[in-house]
Protein chains: 2
Amino acid sequence: MKIAEVSERFGLSVDTLRYYERVGLIPPVHRNEGGIRDYDELDLMRVDFIKCMRGAGLPVEVLIDYMDLVQQGDITIEARKEILIEQRNLVAARLEEMQKTLERLNYKIEAYEKALLKKEQEIGQVEELMAGD
Amino acid sequence: MKIAEVSERFGLSVDTLRYYERVGLIPPVHRNEGGIRDYDELDLMRVDFIKCMRGAGLPVEVLIDYMDLVQQGDITIEARKEILIEQRNLVAARLEEMQKTLERLNYKIEAYEKALLKKEQEIGQVEELMAGD
DNA sequence: CCTTGACTTGGAGTCGACTCCAGGTGTTAC
DNA sequence: GTAACACCTGGAGTCGACTCCAAGTCAAGG
């Protein structure tokens, strides 16, 4: 699969995909004779993983470290687990924070809705008054 | 309340507080005779709101626009509501994404735990073998 | 053969959000 | 009265994460 398709499929720019490869987030993608990237299934799984983790705010650097460990094989499982646990905790914390913020936003939106309703009523009353002229 | 206390209370650096004021996220804070900031209750509420919203990823620029509208009074209620609805939807979307990522992380962590258990068992077996010598 | 278009590279530029700094002032403590 | 300290300002610097660019290569179509 060539880079444009991957870009399309994951909603990441071509530049971003190349950037990820450059900084070592993804090991060098296989090339065809012409030197053009040809993503295989494994590459796609990696991109998917990265995209997902970046979407939750995991820093690129942490992901680089993690992907590095993956490359080193089974001896690094413990270390990888530690990284994921740490990041999981951070994500869980952010999640909670965002839930509270979401509630707060909803509360405020409701308050604005009530305020607008009240305003409408007042206009209604004014119109009634004016209709009485 | 002086800036250091506010910084302490909200876990924002003094520089960040001043930055927020500079870019118009918070209207100019009242100063005492010496020209030193003295945050009042309203200021604190604003800082709290900003901190909460920033924590959920709302861009500073959007918050500036919003706070500007607040300053302009009741005529802007509709516009403010629209902003909040848009941001609420974005937060909700991010929240969902993060929940999926959290699940994925938990799944992976479990998988690593299983892998580690299996490894331990193998080591146990090896030790049994060695004990038989 | 030449153009078009999708790809390549290394390196520079941008953007959002702070964060730091030099140099200055005002209040308190000895 | 002078040292220490907490504050002030405007402006520059940093950081993470892209994003853009100029210049080059290659395959396919007219």
Side-chain angles (χ1 to χ4, degrees), chain A residues 1-40 43 46-47 49-68 83 87 90-91 94 97-98 101, chain B residues 1-40 43 46-47 49-67 87 90-91 94 97-98 101:
Chain A
M1 197 174 207
K2 58 194 167 136
I3 200 164
E5 289 175 77
V6 181
S7 161
E8 180 80 3
R9 148 130 41 138
F10 291 101
L12 296 170
S13 82
V14 168
D15 272 309
T16 300
L17 288 167
R18 290 202 273 244
Y19 162 73
Y20 283 168
E21 192 176 335
R22 222 182 346 176
V23 298
L25 244 180
I26 294 165
V29 172
H30 171 255
R31 312 300 183 92
N32 67 17
E33 320 71 47
I36 285 169
R37 286 177 185 79
D38 183 20
Y39 289 74
D40 64 21
D43 292 323
R46 289 197 261 242
V47 171
F49 177 71
I50 299 299
K51 153 125 198 182
C52 178
M53 296 302 140
R54 286 289 307 123
L58 275 69
V60 167
E61 215 191 314
V62 169
L63 291 171
I64 291 171
D65 290 350
Y66 177 80
M67 294 308 260
D68 247 39
I83 291 180
Q87 294 304 313
L90 291 172
V91 171
R94 248 175 285 154
E97 203 189 343
M98 288 181 71
T101 306
Chain B
M1 196 175 206
K2 59 190 164 134
I3 200 165
E5 289 175 77
V6 181
S7 161
E8 180 80 5
R9 150 133 39 141
F10 291 102
L12 294 171
S13 82
V14 169
D15 272 310
T16 300
L17 288 167
R18 290 201 274 244
Y19 161 73
Y20 283 169
E21 192 176 338
R22 222 181 346 172
V23 298
L25 243 180
I26 294 165
V29 173
H30 172 255
R31 313 298 183 94
N32 66 17
E33 320 71 46
I36 284 170
R37 286 178 185 78
D38 184 17
Y39 289 74
D40 65 21
D43 292 324
R46 290 198 261 244
V47 171
F49 177 70
I50 298 301
K51 152 124 198 183
C52 178
M53 295 303 141
R54 285 290 306 122
L58 275 69
V60 167
E61 215 193 315
V62 169
L63 292 171
I64 291 171
D65 290 352
Y66 177 80
M67 296 308 261
Q87 294 303 315
L90 289 173
V91 171
R94 245 175 287 155
E97 202 188 343
M98 287 180 71
T101 305

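Residue numbering restarts at 1 for every chain, and letters A, B, ... go by the order of the sequence lines.
- Distance check, rounded to the nearest 0.5 Å: CD1 of B:Ile50 to CG of B:Leu63 gives 5.0 Å.
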What side-chain donor-acceptor pairs closer than 3.5 Å can you find for residues 10-20 of chain B, not counting sequence neighbours?
unit_1: B:Ser13; atom_1: OG; unit_2: B:Asp15; atom_2: N; d: 3.3
unit_1: B:Ser13; atom_1: OG; unit_2: B:Thr16; atom_2: N; d: 2.9
unit_1: B:Ser13; atom_1: OG; unit_2: B:Thr16; atom_2: OG1; d: 2.9

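- Spacing between atom CD of A:Glu33 and atom P of C:dA6 amounts to 20 Å, rounded to whole angstrom units.
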Please tabulate the protein-to-nucleotide N/O contacts below 3.5 Å involving nucleotides 5-8 of chain D, giving atom names and distances.
unit_1: D:dC8; atom_1: OP1; unit_2: B:Arg37; atom_2: N; d: 2.8
unit_1: D:dC8; atom_1: OP1; unit_2: B:Arg37; atom_2: NH1; d: 2.8
unit_1: D:dC8; atom_1: OP2; unit_2: B:Arg18; atom_2: NH1; d: 2.6
unit_1: D:dC8; atom_1: OP2; unit_2: B:Arg37; atom_2: NH1; d: 3.3
unit_1: D:dC8; atom_1: O5'; unit_2: B:Arg37; atom_2: NH1; d: 3.4
unit_1: D:dC8; atom_1: O3'; unit_2: B:Arg31; atom_2: NH1; d: 3.3

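- For the pair A:Asn32 CG and D:dT25 P, the computed distance is 17 Å after rounding to whole Å.
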Report each atom pair, protein N/O against N/O of nucleotides 16-18 of chain D, whose distance is under 3.5 angstrom.
unit_1: D:dA17; atom_1: OP1; unit_2: A:Val60; atom_2: N; d: 3.3
unit_1: D:dA17; atom_1: OP2; unit_2: A:Val60; atom_2: N; d: 3.3
unit_1: D:dC18; atom_1: OP2; unit_2: A:Tyr20; atom_2: OH; d: 3.0
unit_1: D:dC18; atom_1: OP2; unit_2: A:Arg54; atom_2: NE; d: 2.8
unit_1: D:dC18; atom_1: OP2; unit_2: A:Arg54; atom_2: NH2; d: 3.3

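- B:Leu17 places its CG atom 13 Å from the C1' atom of C:dT19, with the value rounded to the nearest Å.
- Identified under the salt bridge (Lys or Arg N to Asp or Glu O under 4.0 Å) test for residues 24-40 of chain A, with sequence neighbours left out: A:Glu21-A:Arg31, A:Glu21-A:Arg37.
- Distance CD/A:Glu97 to CZ/B:Arg54: 10.5 Å, rounded to 0.5 Å.
- Axis angle between the ends of the helix from C:dC1-D:dG30 to C:dC30-D:dG1, five pairs each and rounded to 10 degrees, works out to 10°.
- One distance of note links CZ of A:Phe49 with CD1 of A:Ile26; it measures 11.5 Å at 0.5 Å rounding.
- When the salt bridge (charged side-chain N to carboxylate O under 4.0 Å, His left out) test is applied to A:Arg94, no partner is found at least two apart in sequence or on another chain.
- Within the model, atoms NE2 of B:His30 and CG of B:Asp43 stand 10.0 Å from one another, a figure rounded to the nearest 0.5 Å.
- Counting heavy atoms from C-beta on, the side chains of A:Met53 and A:Gln87 never come closer than 4.5 Å.
- Here CG of B:Leu90 is found 7.5 Å from CG of B:Leu58. Values are rounded to the nearest 0.5 Å.
- Taking atom CG of B:Asp15 as the reference point, atom P of D:dC15 lies 15 Å away to the nearest angstrom.
- In this structure, B:Glu5 places its CD atom where more than 12 heavy-atom neighbours from other residues, nucleotides or ligands lie under 6.0 Å away.
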